[in-house]
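Structure record follows, encoded as structure tokens.
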Amino acid sequence: MKHKLFWTSLLALAMLAACAGEPGDISGGQSGTSVSASGPGDSASDSSALKEGEISQPEDYFDLVFDTSQDQGKLTARYLYLQTIYGTGKEAVTTGDSAVYTSPDGMVMLVDCGNVPGGQEVTNQLLAMGVDKIDVLVLSHPHADHVGGFVTVADNFEIGQVYVNGHEYDSGTYRAMMEKIEELSLPCEVLEAGDAFSLGEEVQVQVFGPTPGDTEEVAGGYLDANDGSIAMRLTYGQSSFWTSGDLYITGEQALTETYGQDIASDVVKMNHHGKDTSNGKDFVQAMSPKIAVGMFDSVASRTVAMRYIAGGAEVFYNSTDGAIRVSTAGDGVYDVQIQKIRDVAVLPDAPSEGHIVIS
């Protein structure tokens, strides 16, 4: 049975956010703490970047998160823990997103690759899973904190299919990505609303955005690049997962106005790293998730966290939980394993060994 969050848990979350910074967004939003900013991202990778085979400390329950022995027959998402930031000031490129989904029959889909040095962190975590081939690689939009690690990942794994949003972005990381795709002769297609594909025999992936014409709107400066993010819903039996890159509230509103409750999903990756530029009230209500995951090195917005909590979701953040594994047999029940034990009790009943079952 699903755990319920108590007001003491909410207070702890607020305290945690306060420790990370003032209520103002530390990288562009207005409230809070988890975050990711899309930087221009053409600087060289930081000398502190991890080398192949290295895993940052603390590991805690790393082995449990990346143990794939129980994956068969389940749809599993692993929200990877990225830590390396490079550049300074307005040129800083934050850790960004990368999540890997494995189908019940063992197909692998990677969504985004983090920033340039983060590519090695993604690679190391995929290797810990025993991955040797990425069947599908989706790049939600061409900002450096989502595609920067692509070259490293492509150099380390066979890739069956690449999907992009069609936005030709003027940056070094984007050009490096496209050059690598051409060098390796990787199949590459543009995804738009209305498209769909299968991940293995039992998982269906439906695309809700961007809508046809959005790429031209972005290129003409009429639509923000983040609102061109690929929005997808994965379904397996009674279970569902949602991911939509850095979609802003404007993009969310377009989705809710077009699709309403049809986008409802049990497990949601918070848009734009959990910032309050995104994750608006209407979107959260339409999603009605059981689980919401914020991907960044802090809790981006207390307001956003409370909004998901008030809607009945359990919230998880890379900053407090490390890598996060969410697995389901397609029955609407989710087995969650987190890498790190939180210093502050944001979850009720401090789950034993970082483990909780949510239904």
Separation of His272 NE2 from Asp227 CG (nearest 0.5 Å)
10.0 Å
side-chain contact (heavy atoms from CB on, under 4.5 Å) filter on Gln161, not counting sequence neighbours, yields Tyr163, Pro187, Glu189
Not counting sequence neighbours, list each pair that qualifies as a salt bridge (charged side-chain N to carboxylate O under 4.0 Å, His left out) and has a residue in residues 323-334.
Arg325-Asp335
To the nearest 0.5 Å, atom CD of Gln337 lies from atom OH of Tyr61 at 8.0 Å
Side chains of Tyr308 and Asn279: do they bring a donor and an acceptor to under 3.5 Å?
yes
Donor-acceptor contact below 3.5 Å, side chain Ser278 vs main chain Leu247:
yes
Measure across Gly114 and Ser98 and return the closest heavy-atom pair with its distance rounded to 0.1 Å.
N-CB, 4.1 Å
Flag yes if more than 12 heavy atoms outside Glu168 fall under 6.0 Å of its CD atom; otherwise flag no.
no
For the residue pair Thr76 and Tyr236, establish whether any side-chain heavy-atom pair is separated by less than 4.5 Å.
no
Is the shortest side-chain heavy-atom distance between Arg78 and Thr68 below 4.5 Å?
yes
If two hydrophobic side chains count as joined below 4.5 Å and joins carry through other members, does Tyr79 share a cluster with Val205?
yes
Salt-bridge contact Arg302-Asp276 (side-chain N to carboxylate O under 4.0 Å)
no
Would a distance-only check, ignoring hydrogens and angles, find a side-chain to backbone donor-acceptor pair under 3.5 Å from Asp321 to Tyr317?
yes
Do you know which two heavy atoms are closest between Ala313 and Ile291, and how far apart they sit?
CB-N, 4.2 Å
Could you tell me whether His141 and His146 have their ring centroids closer than 6.0 angstrom?
yes
Heavy-atom pair with the smallest gap, counting every atom of Ile338 and Val65
C-CG2, 3.7 Å
For Leu126, give me all partners under side-chain contact (heavy atoms from CB on, under 4.5 Å), at least two apart in sequence or on another chain.
Val100, Leu110, Val122, Met129, Val131, Ile134, Phe157
How far apart are the closest heavy atoms of Tyr174 and Tyr169, and which atoms are they?
CD2-O, 2.9 Å
For Met232 and Val111: C-alpha separation, side-chain torsions, deciding distance, then whether side chain to side chain contact (heavy atoms under 4.5 Å, CB included) applies.
CA-CA 10 Å; Met232 303 187 303; Val111 179; 4.0 Å; yes
Validation row: Val315, Met270 side chains within 4.5 angstrom (heavy atoms)
yes
Residue among Asp266, Thr235, Thr328 satisfying side chain to side chain contact (heavy atoms under 4.5 Å, CB included) with Phe241:
Thr328
Do the non-hydrogen side-chain atoms of Pro104 and Val203 ever get within less than 4.5 Å of each other?
yes
Any salt bridge linking Lys269 with Asp112? Criterion: basic side-chain nitrogen under 4.0 Å from a carboxylate oxygen.
no
Could you go through the side chain to side chain contact (heavy atoms under 4.5 Å, CB included) check for Leu137 and Phe150 one step at a time?
CA-CA 9 Å; Leu137 199 158; Phe150 174 81; 4.0 Å; yes
Atom of Ser301, atom of Val304 and distance for their closest heavy-atom approach
OG-N, 3.1 Å
Go through the steps for Asn165 and Ser229 under the test side chain to side chain contact (heavy atoms under 4.5 Å, CB included), then give the verdict.
CA-CA 7 Å; Asn165 73 345; Ser229 294; 5.8 Å; no
Point-to-point distance, once rounded to the nearest 0.5 Å, from CG of Asn271 to CE of Met287
7.5 Å
Using a cut-off of 6.0 Å, state whether more than 12 heavy atoms not belonging to Gln70 lie near its atom CD.
no
Can you tell me if Ser103 uses its side chain to pair, donor with acceptor, with the backbone of Tyr101 under 3.5 Å?
no
Any chance you could measure Asn318, atom CG, to Gln83, atom CD, to the nearest 0.5 Å?
9.0 Å
Is there a salt bridge (charged side-chain N to carboxylate O under 4.0 Å, His left out) between Asp155 and Lys180? Walk through the geometry before answering.
CA-CA 9 Å; Asp155 281 339; Lys180 180 59 68 173; 2.8 Å; yes
On a heavy-atom basis, which atom in Gly332 and which in Ser239 lie closest, and how many Å separate them?
N-OG, 3.0 Å
Any donor-acceptor pair under 3.5 Å linking the side chain of Asp135 with the backbone of Met109?
no
Where the side chain of Glu252 meets the backbone of Gly280, is there a donor-acceptor pair that is under 3.5 Å apart?
yes
Between the main-chain N or O of Glu201 and the side-chain N or O of Asp105, is there a donor-acceptor pair closer than 3.5 Å?
yes
Under 4.5 Å between side-chain heavy atoms, hopping through other hydrophobics if needed: is there a path connecting Val284 to Tyr248?
no
Does a donor on one side chain sit under 3.5 Å from an acceptor on the other, for Trp242 and Ser244?
yes
What distance do Thr250 atom OG1 and Leu255 atom CG have between them, rounded to the nearest 0.5 Å?
10.0 Å
At what distance, to the nearest 0.5 angstrom, does CD of Glu202 lie from NZ of Lys74?
14.0 Å
Are Leu139 and Val162 close enough that some pair of their side-chain heavy atoms sits under 4.5 Å apart?
yes
Would you sort out whether Val138 and Thr243 count as a side chain to side chain contact (heavy atoms under 4.5 Å, CB included), showing the intermediate values?
CA-CA 11 Å; Val138 178; Thr243 179; over 6 Å; no
Any heavy-atom pair between the side chains of Val164 and Cys188 that's under 4.5 Å?
yes
Taking Gln125 for its side chain and Tyr81 for its backbone only, find out whether a donor-acceptor pair lies under 3.5 Å.
yes
State plainly whether one hydrophobic cluster holds both Ile249 and Tyr259, where clusters connect Ile, Leu, Val, Met, Phe, Trp and Tyr through side-chain heavy atoms under 4.5 angstrom apart.
no
Inspect the surroundings of CD in Gln72 and state if more than 12 heavy atoms from other residues, nucleotides or ligands are less than 6.0 Å away.
no
